[in-house]
Amino acid sequence: MDKLTSWGQYPYVHADVKTPSKEELPVLEFKSYIPRGLGRSYGDSALASAVVTSKKLKHFIAFDKDKGLLTCDAGVSLDEILRIFVPQGWFLQVTPGTKFVSVGGAIASDVHGKNHHIDGCFSEFVQSITLVINNQEVQCSREVNSELFYATCGGMGLTGMIVNATIQLRKVKSAYIKQKTIKTNNLKDTLAVFEEHQSSTYSVAWIDCLSDGAEFGRSLVMLGEHAEQGSLEVHQSGKLTIPCNLPSQLLNKYSIQSFNFLYYHRIRNRETNDFLHYDPFFYPLDGINNWNRMYGKNGFTQYQFVIPKEAGYEGLSEILKAIVSSKQGSFLAVLKIFGKENNSPLSFPMEGFTLALDFKISDSLFPFLNKLDDIVKKYKGRLYLAKDARMSESTFKTGYPRWEQFQKVRDNYGTLESYNSLQSKRIGL
Amino acid sequence: MNNVVIVGATSAMAEAVAQRYAEDKANLFLLARNQEKLDIIRQDLLVRGANSVHQASFSANEIESQPQCVDQIFDTLGTVDVFLIAYGSLPDQDLCQKDVNKAVEEINTNGVSVVSLLTLVANKMETQATGNITVITSVAGDRGRQSNYVYGAAKGMVSTFLQGLAQRMHKSNIHVLDIKPGFVDTPMTAEFKKSALWAQPEQVAKLIYNRINKKSNFSYAPSFWFAIMSIIKSVPKFIFNKVSL
């Protein structure tokens, strides 16, 4: 039995962890387990008493140079894909904020990136998936076993173990990004800037959650486009490592406030233009290995919710105000506008606003987050399963009304009993 | 380093070395027993950028087929820049003690067959007057220990052979490198409990790749095994015989 946790270092479980090779996978003796990639989900979605990792499923299978179609094992990381394909002029169509996730994990969480409003989720560029379900190989795509395909994208590993997939890459001329940073004065201004730049390929805002009054919701909005010029050089591996858990008192109201102040005032003008490598643009925190240890040994959770567009400024500001007044500050608060919802019943994004905040685990945190849940529910929003470690069954089921459809697919393919995580049991799946 | 041969190419360390050469767009010639596994690795290396990947069957216990096999490699590639021998088996010491056939078989697999292959390859490389021969042996060959001295003896045989070969080949500008890994987390050692001393195959592969490029003669991988083995080698026999290592 190993002591196992995920990125948030909360919770820990004692788990029987197996790392089978491709040949061993169909003859596993677990009755029920949860598949696990690189363990970058924050909470308990890849935790269970029995866990099967994709660490040994790490081969590339085929690449169509004309179409940019890559077939690879589920355990291949986005980092590896970039290392091999950027020099050949290819990039990911959709990438989350870290490259240290596996292809299987990216599909199971149906991850999104700064281009969701234009391109949608990771699964939009997945052509087909091979799963092992109860020791049988099953193929699925939009054409074949389509129900299973949609349920698997965003399905948190509950529809079987993803073993390989074919994904579409994006042709690029350069490894560089043209970035425009716009400093906004308040939340209204921030939303207006998003509106004005909705045709930008990439957009995201960093909100200063601790500023109040007239400056409530002041932000740095970052926009990006792939550059036409510049070399196709690949990223370097991270130089800094946080070697052990830091004392959790290090992150307090004062240190966070000063960080936010410095970060915001670092940019002097309303508009700044930069030309930078994809690595700092997409993966600013990947440069620091184990940055999760900053939050100390009790761990942290990331609260990411989305509320529909109709909830608008009113909904967003109500939640933000609750956070500001709680003083349970967050180190990072990221705002993004999502495009349309897709066909996958458990895929997180829906047309509207999403905000992600980190909170270090403390006694007072969960009651506070329950209050935030109520506001999210009121506006018909939902929480991101890949980040969650604590939402209630009712919060989940109100937020994801297509959960019954998901369960029906699981029932049809016989995965209800055989694939379960701590999270799936908590939220009634 | 355009033309790279790897014998025992399905081993975890060998595969990680092959990936590095594939990214360099090398022509690879892979040999191993299990052709199905080799098929998967060949496809992977082609996607990673290898210019070409050849594959052939190789079994350590068929010494008589080696001359033909070596001819095939050199005929296919022309010149060979790197010849890496990475195969081996980790025997059950108890079994080797009880069954003399098992002991001899393991000495043949890990020792005799490698010496045989090296003799054939060295003669070919000598006429090329350029290139590298690398063999993955083991720290176990440095001093016999009761827990695995049959394995250790075979690896030690190869290491001693390589010392002489390196001296001989130096005149012909051939770099001979003996890599002695310590504990490496591979399928071969899946049953062991892992401690801080264990290295990942990718880490050892990087060392091998760099040492070949720099024509280094340093064997221990990771390097800290130099210190550990210096101590183990220097313990006097009257103490050594009383400890359980």
Side-chain angles (χ1 to χ4, degrees), chain A residues 1-3 17-26 38 53-77 79-90 100 103 130 137 163-167 169 232-237 243-244 289, chain B residues 6 8-26 28 30 32-53 55 184-196 198-207 209-210:
Chain A
M1 291 295 244
D2 297 318
K3 224 175 145 200
V17 181
K18 287 198 170 123
T19 301
S21 63
K22 240 166 282 185
E23 308 86 71
E24 293 160 344
L25 193 56
L38 286 167
T53 81
S54 61
K55 215 175 130 189
K56 282 196 191 146
L57 311 177
K58 51 169 195 178
H59 287 113
F60 290 111
I61 297 167
F63 183 59
D64 182 329
K65 284 190 169 84
D66 300 320
K67 295 186 183 135
L69 278 175
L70 171 68
T71 306
C72 66
D73 283 347
V76 171
S77 67
D79 172 67
E80 187 89 345
I81 292 176
L82 292 171
R83 263 192 341 97
I84 302 298
F85 291 97
V86 166
Q88 302 178 37
W90 298 95
F100 302 123
V103 168
T130 308
E137 251 192 43
V163 290
N164 67 53
T166 299
I167 63 170
L169 299 184
L232 286 166
E233 77 188 276
V234 80
H235 60 274
Q236 302 292 306
S237 40
C244 57
N289 297 320
Chain B
I6 302 180
T10 53
S11 91
M13 279 184 270
E15 194 186 342
V17 173
Q19 290 176 357
R20 298 202 156 245
Y21 285 111
E23 286 171 38
D24 290 347
K25 303 187 174 30
L28 290 146
L30 310 178
R33 219 172 11 185
N34 187 333
Q35 295 304 296
E36 276 175 38
K37 271 193 189 168
L38 215 46
D39 283 336
I40 291 171
I41 293 171
R42 177 173 47 82
Q43 285 173 333
D44 174 74
L45 296 173
L46 285 169
V47 174
R48 284 174 194 272
N51 192 44
S52 65
V53 183
Q55 75 184 70
V184 185
D185 186 2
T186 67
M188 191 166 95
T189 57
E191 302 304 316
F192 290 75
K193 256 218 143 353
K194 311 288 188 289
S195 68
W198 287 75
Q200 290 304 311
E202 292 76 19
Q203 199 183 337
V204 176
K206 188 176 165 190
L207 288 171
Y209 176 85
N210 288 340

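Chain naming here is simple, since letters A, B, ... match the order of the sequence lines and numbering starts at 1 in each.
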task = Answer yes or no: are there more than 12 heavy-atom neighbours, outside Lys194(B) itself, under 6.0 Å from its atom NZ?
result = yes
ask   = Which of these passes side-chain contact (heavy atoms from CB on, under 4.5 Å) with Val47(B): Leu70(A), Ile61(A), Thr71(A)?
value = Leu70(A)
query = Counting heavy atoms not belonging to Lys206(B), are there more than 12 under 6.0 Å from its NZ?
reply = no
ask   = Between NZ of Lys22(A) and CD of Glu36(B), what distance do you get to the nearest 0.5 Å?
value = 11.5 Å
ask   = Run the side-chain contact (heavy atoms from CB on, under 4.5 Å) check on Glu15(B) and His59(A) step by step: do they pass?
value = CA-CA 11 Å; Glu15(B) 194 186 342; His59(A) 287 113; 2.4 Å; yes
request  = Please say whether more than 12 non-hydrogen atoms of neighbouring residues, nucleotides or ligands are located less than 6.0 Å from CZ in Arg83(A).
outcome  = yes
ask   = Lys65(A) versus chain B, heavy atoms under 4.5 Å apart: side chain, backbone, both or neither?
value = neither
message = Could you check whether atom NZ of Lys37(B) has more than 12 heavy atoms from other residues, nucleotides or ligands sitting under 6.0 Å from it?
response = no
query = Say you draw a straight line from CD of Gln43(B) to CZ of Phe63(A); how long is it, rounded to the nearest 0.5 Å?
reply = 15.0 Å
